[in-house]
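Here is the structure we will look at.
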Amino acid sequence: MIDILDLNKSYDEVEVLKNINLHIKKGEFISLIGPSGCGKSTLINIIAGLDPASSGQVLLDGKTIKGTDTDRIMVFQSGALFPWLSVYDNVSFGLKNVCKDSKEIKRKVEDVLRKVHLYKFRDKYPHELSGGMKQRVSIARSIVMEPKILLMDEPFSALDEQTKMLLHNELQEIWLETKNTIIFVTHNIREAVKLSDRVVIMGTRPGSIVDDIKVDIPHPRDTTNKDLYYMEKLVFSKLKKEIEKVAREELGDGYKFEKDRFSNDSNNTMGGGI
Ligand code: ADP
Ligand code: MG
């Protein structure tokens, strides 16, 4: 479905992405994970068509993507809601540009609002909502467009752990129902492993793909699923080198990641951000 071929991106002579090759199948949920500054947002923005590649190609169903399109929709952070519009109007805003049938719009918007548990709150304004509810609105207004691909750049990073857990479950349900292809950027190992079919690990300077790990655990996945812990450990072990590299560049050559902190503890959940 998506083929990224020999993609490179530079800003003012600085190589940000180098030789990215990635193939994503229809209906796949993939996460991009890597240290801060490795080019995750740059890559997802190029896929969205918000930013051009310097060289190489992104193909969607065999056709080169040119700019943004409703077949690829980005779920922006909750702060990107229109504060002067109600929940309903935020969700219907984009749809009104592509659909002129007001009954159809109402049906679709109400259906999506039920999916994200916000139907009761359809007349509220963003300032009346919690962080989790705002992010549900962001998701709703993206999926209401019925895109082929949902692009998510750290959508839950500002939320507390409990809300994050609820949204993970809801996103899994939505994904299982809509069969969307999802590209999900995160720096949270547990989140990546819990949600994705594949975790693509990126390294830095220049940003490149260093590993591609299949997570072969049936969906929907529960946070307490033991197999997830083993996958977390595996992803962490692959990421460790990249994290250390960034820390050395920032803090000096002598820097050493805390000695095998996670390697002998099978109960350690490693919690989160890198
Ligand atoms: P990530 O999302 O993985 O944290 P980004 O894709 O945001 O990383 O950034 C990757 C690198 O590209 C960083 O070093 C950043 O400073 C640089 N960069 C991103 N956008 C621009 C831009 N518009 N102009 C110049 N440099 C940029
Ligand atoms: Mg980013």
Side-chain angles (χ1 to χ4, degrees), residues 29-37 40-41 44-45 48 50 72-95 108-147 149-178 180 182-196 199 219-224 228 232 269-274:
F29 193 134
I30 85 148
S31 286
L32 300 175
I33 191 164
S36 184
K40 303 180 293 296
S41 295
I44 203 168
N45 286 339
L50 294 164
R72 287 159 280 129
I73 301 271
M74 182 82 93
V75 174
F76 286 104
Q77 295 285 334
S78 53
L81 297 178
F82 299 122
W84 61 90
L85 293 182
S86 67
V87 166
Y88 183 97
D89 289 337
N90 263 287
V91 175
S92 63
F93 188 85
L95 191 58
K108 284 187 176 177
V109 172
E110 289 185 352
D111 181 45
V112 163
L113 285 174
R114 282 193 192 92
K115 270 197 188 112
V116 298
H117 310 280
L118 285 182
Y119 183 73
K120 272 196 305 199
F121 304 96
R122 61 194 180 282
D123 297 325
K124 300 274 183 209
Y125 286 81
H127 75 271
E128 299 175 281
L129 306 176
S130 68
M133 288 158 99
K134 284 186 211 168
Q135 202 51 36
R136 287 180 177 91
V137 180
S138 282
I139 292 171
R141 71 172 182 184
S142 302
I143 59 173
V144 82
M145 305 296 288
E146 296 169 7
I149 299 159
L150 205 54
L151 303 167
M152 308 180 92
D153 190 356
E154 307 207 16
F156 306 140
S157 57
L159 303 177
D160 65 78
E161 286 302 314
Q162 284 77 32
T163 307
K164 213 181 270 187
M165 242 190 284
L166 298 177
L167 279 158
H168 288 160
N169 293 345
E170 291 174 28
L171 180 62
Q172 284 195 94
E173 280 168 27
I174 289 169
W175 174 66
L176 287 169
E177 196 183 320
T178 59
N180 263 323
I182 300 186
I183 305 179
F184 189 97
V185 165
T186 180
H187 58 265
N188 184 306
I189 300 173
R190 180 183 297 166
E191 180 172 81
V193 165
K194 182 177 172 188
L195 296 173
S196 340
V199 179
H219 294 274
R221 297 172 187 158
D222 189 272
T223 309
T224 56
L228 290 180
E232 279 183 38
T269 62
M270 282 178 298
I274 53 173

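Note that the numbering runs from 1 along the sequence shown for the chain. Everything quoted here is computed from the prediction, not taken from an experiment. All values below were derived from every heavy atom in this structure, side-chain atoms included, with hydrogens, water molecules and symmetry-related copies excluded.
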*asked:* Main chain of Ile182, side chain of Asn180: is a donor-acceptor contact present, judged purely on distance under 3.5 Å?
replied: no
Here the gap from Leu167 atom CG to His117 atom NE2, rounded to the nearest 0.5 Å, amounts to 9.0 Å
Check: Salt bridge or not for Glu191 and Lys194, using N-O below 4.0 Å?
Finding: no
query: For the side chain of Ser31 and the backbone of Ile33, is there at least one donor-acceptor N/O pair under 3.5 Å apart?
result: no
- Query: What do the steps show when you test His187 against Ser36 for side-chain contact (heavy atoms from CB on, under 4.5 Å), and what is the final call?
  - Reply: CA-CA 8 Å; His187 58 265; Ser36 184; over 6 Å; no
May I ask you to test the Trp175-His219 pair for a side-chain heavy-atom distance under 4.5 Å? yes
Here the pair of heavy atoms bringing Val109 nearest to Val91 is CG1-CG1, 3.8 Å
(Q) Any non-hydrogen side-chain atom of Phe156 less than 4.5 Å from a side-chain atom of His168? (A) yes
Taking every heavy atom of Arg72 against every heavy atom of Ala48, the minimum-distance pair comes out as NH1-O, 3.0 Å
When you measure from the centre of the six-membered ring of Tyr119, is the NZ or CZ of Arg114 under 6.0 Å away and within 45° of the axis? yes
| Distance-only, no hydrogens or angles: does the Lys40 side chain make a donor-acceptor pair with backbone N or O of Gly34 under 3.5 Å? | yes
*May I ask you to decide if Ala80's main-chain N or O and Lys134's side chain share a donor-acceptor pair within less than 3.5 Å?*
no
Could you check if a side-chain atom of Leu81 sits within less than 4.5 angstrom of a side-chain atom of Arg141, using non-hydrogen atoms only? yes
* Asked: Taking Asn90 for the side chain and Phe82 for the main chain, is one N or O donor matched with an acceptor at less than 3.5 Å?
  -> yes
Smallest heavy-atom separation, Ser142 atom then Val75 atom, equals OG-CG2, 3.5 Å
Inset, instruction - Quick one: do Asn188 and Thr186 satisfy side chain to side chain donor-acceptor pair (under 3.5 Å)? Show the steps, please. - result: CA-CA 5 Å; Asn188 184 306; Thr186 180; 5.2 Å; no
Between Ile183 and Ile44, the two heavy atoms sitting closest are O-CD1, 3.6 Å
**Prompt:** Is the backbone N or O of Arg221 less than 3.5 Å from a side-chain atom of Gln172, with the two atoms forming a donor-acceptor pair by type?
**Reply:** yes
Residues Leu159 and Gly132: closest non-hydrogen pair is CD2-N, 3.7 Å
Inset, instruction - Look at the side chain of Glu177 and the backbone N and O of Ile174, then say whether any donor-acceptor pair between them is shorter than 3.5 Å. - result: no
Quiz item: Are Glu170 and Arg136 ion-paired here, with the side-chain N under 4.0 Å from a carboxylate O?
Solution: yes
inquiry  = A side-chain contact here means heavy atoms from C-beta on lying under 4.5 Å apart; do Asn169 and Pro220 qualify?
reply    = no
Which of Leu195, Val185, Leu171, Ile73 passes side chain to side chain contact (heavy atoms under 4.5 Å, CB included) with Met152? It is Leu171
What one should report as the nearest heavy-atom pair of Phe184 and Pro155 is CE1-CG, 3.5 Å
**OP:** Report yes if some heavy atom in the side chain of Thr163 is under 4.5 Å from a heavy atom in the side chain of Gln135; otherwise report no.
**Re:** no
